[in-house]
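Note that ligands are numbered from 1 as they come in the structure, with each ligand's atoms numbered from 1 the same way.
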Amino acid sequence: MSDYTPKPEHKFTFGLWTVGNIGRDPFGTPVRETKSPADLVRLLGEVGAYGVNFHDNDLIPIDATPAERDSILREFKAALAETGLVVPMATTNLFSDPAFKDGAFTANDPKVRAYALQKTMHAIDLGVELGAKIYVFWGGREGTETDAAKDPITAIKRTREAMNFLCEYVRDQKYDLKFALEAKPNEPRGDIYNATTGNMLAFITTLDHPEMVGVNPEVAHEHMAGLNFTHHVAQALEAGKLFHIDLNDQAFGRYDQDFRFGAVNLKSAFFLVKLLEDNGYAGNRHFDAHAYRTEDYEGVKDFARGCIRTYLILKEKAARFNADPEIQALLAEINADDGSLTPFTGGYTPEKANALKNYTFDRHPLGARGLKYERLDQLTVEVLLGVR
Ligand code: GLT
Ligand code: MN
Ligand code: MN
């Protein structure tokens with residue numbers, strides 16, 4: 001029997017807003033009572049999490065007095081000390097307050113844009129005070145219902161100006177902090193700008209300090225758009241830009257579900273875990289999800305333990321896939337290279353180009369060969385089903 005106990009090196013984290021979700025939805029009122037941030041830290045300690053993340057207002061309500069702020073912070077820090085949990089990531093709530101109904105950094109009202117910058121600088125100070133090394137930007141309201149309302153090119157320029165401003169702020173304060181941009185195609189706006197991780201990767205190259213900025217892809221957000229999440233994460237990894245990751249699950253084409261990791265599509269969860277583990281991803285594994293609305297706080301713990309356990313089981317399955325002689329023999333066969341065309345590889349030279357243009361290919365055997373991907377995929381499924 002394998003050991004699926006979470007360890008600090010796995011870096012399993014949850015947001016205060018995840019286990020603290022009280023089950024409100026567009027059609028229903030809360031089903032669970034609100035717990036204090038300190039109590040949520042204790043709950044996370046119980047389920048074996050390594051860290052806790054928060055939006056500024058998950059911790060300090062937007063209208064808190066200085067005295068309330070001090071007492072909440074004191075209790076929160078005490079709970080961290082008591083449980084040994086750390087705060088690896090923080091973020092700003094730029095979507096709940098009515099002031100942000102037209103977005104924050106992209107709002108048409110310059111007062112809203114300035115307020116969003118001010119709020120973010122204060123929230124960065126708070127995150128850094130508690131130890132955060134990664135700062136997430138999810139532009140929940142940075143979008144439109146009608147493009148009559150906002151010029152999309154202006155929106156890109158406003159987002160860039162805000163990110164450049166905040167990068168300079170972090171440099172000025174000498175904070176050890178990196179930014180991770182999180183894409184989502186829609187919800188709560190009809191359309192959100194920079195809708196996919198790929199959009200974010202392209203946008204980052206246009207910033208003044210691109211080295212400070214990476215991405216925070218989320219399973220559900222690419223799945224909502226019917227895209228292959230693993231491919232998006234691969235692009236981020238390959239570019240050295242996977243600064244953080246939000247793990248959860250989501251059926252394609254449905255509302256924003258934020259289900260427990262692996263709850264819907266185990267096969268894609270498997271390929272994701274395999275990608276992260278095979279490539280030595282060393283960042284946080286953050287579960288940005290919440291328990292079904294049917295649950296009480298015991299169910300919330302079941303949810304949180306389930307996220308962790310499924311990740312560790314899939315990690316074990318990935319190791320099994322990598323060690324399976326039949327799977328590895330098939331992969332070796334699929335990737336076989338007799339070396340006869342090596343002279344044409346390894347980069348362009350005019351001589352190579354000329355020789356390749358004059359080479360005679362027999363394309364019929366290339367098309368006739370069976371690739372055995374059916375067999376390989378079935379073996380993968382059998383590893384997942386536990387019979388290999
Ligand atoms: C919100 C959203 C998440 C983001 C969080 C960070 S808040 O729950 O759905 O995907 O990561 O702002
Ligand atoms: Mn998220
Ligand atoms: Mn989400």
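- The Mn ion (ligand 2) lies closest to atom OE2 when only the N/O/S atoms of Glu182 are considered.
- Between Tyr292 and Phe259, the gap from one ring centroid to the other is short of 6.0 Å.
- The nearest non-hydrogen atom to atom 11 (O) of ligand 1, considering only His221, Glu182, Glu218, Glu187, comes from Glu182.
- Among the backbone and side-chain atoms of Asp288, none of the N, O or S atoms lies under 2.8 Å from the Mn ion (ligand 3).
- Using a 4.0 Å cut-off between charged nitrogen and carboxylate oxygen, Arg158 and Glu161 do not count as a salt-bridge pair.
- Side-chain atoms of Tyr169 and Thr120 form no donor-acceptor pair, as typed in the model, at a separation below 3.5 Å.
- For a threshold of 3.5 Å applied to N or O pairs, the pair formed by Asp246 and ligand 1 contains at least one separation below that value.
- Nearest N, O or S atom of Asp246 to the Mn ion (ligand 2): atom OD2.
- The closest protein non-hydrogen atom to atom 1 (C) of ligand 1 is Trp138 CZ3, 3.7 Å.
- Checked against a 3.5 angstrom limit, the closest N/O atoms of Asp256 and ligand 1 fall outside it.
- Closest to atom 8 (O) of ligand 1 among all protein heavy atoms lies Trp17 NE1, 3.4 Å.
- The number of heavy-atom neighbours closer than 6.0 Å to CZ of Phe165, taken from other residues, nucleotides and ligands shown, is 12 or below.
- In terms of polar-atom proximity, His55 is counted as a contact of ligand 1, with an N or O under 3.5 Å from an N or O of the ligand.
- Here's the thing with Asp288: one of its N/O atoms is less than 3.5 angstrom from an N/O atom of ligand 1.
- Aromatic rings from Phe100 and Tyr115 are positioned such that their centres are separated by under 6.0 Å.
- When distances from the Mn ion (ligand 2) to the N, O or S atoms of Glu218 are compared, OE1 comes out shortest.
- Aromatic ring pairs are classed by plane angle as parallel below 30°, tilted from 30° to 60° and perpendicular above 60°; the pair Phe229 and His223 is perpendicular.
- Using a distance-only test at 3.5 Å, with no hydrogens or angles considered, no donor-acceptor pair links the side chain of Lys119 to the main chain of Thr92.
- Centroid-to-centroid, the aromatic rings of His55 and Phe95 come within less than 6.0 Å.
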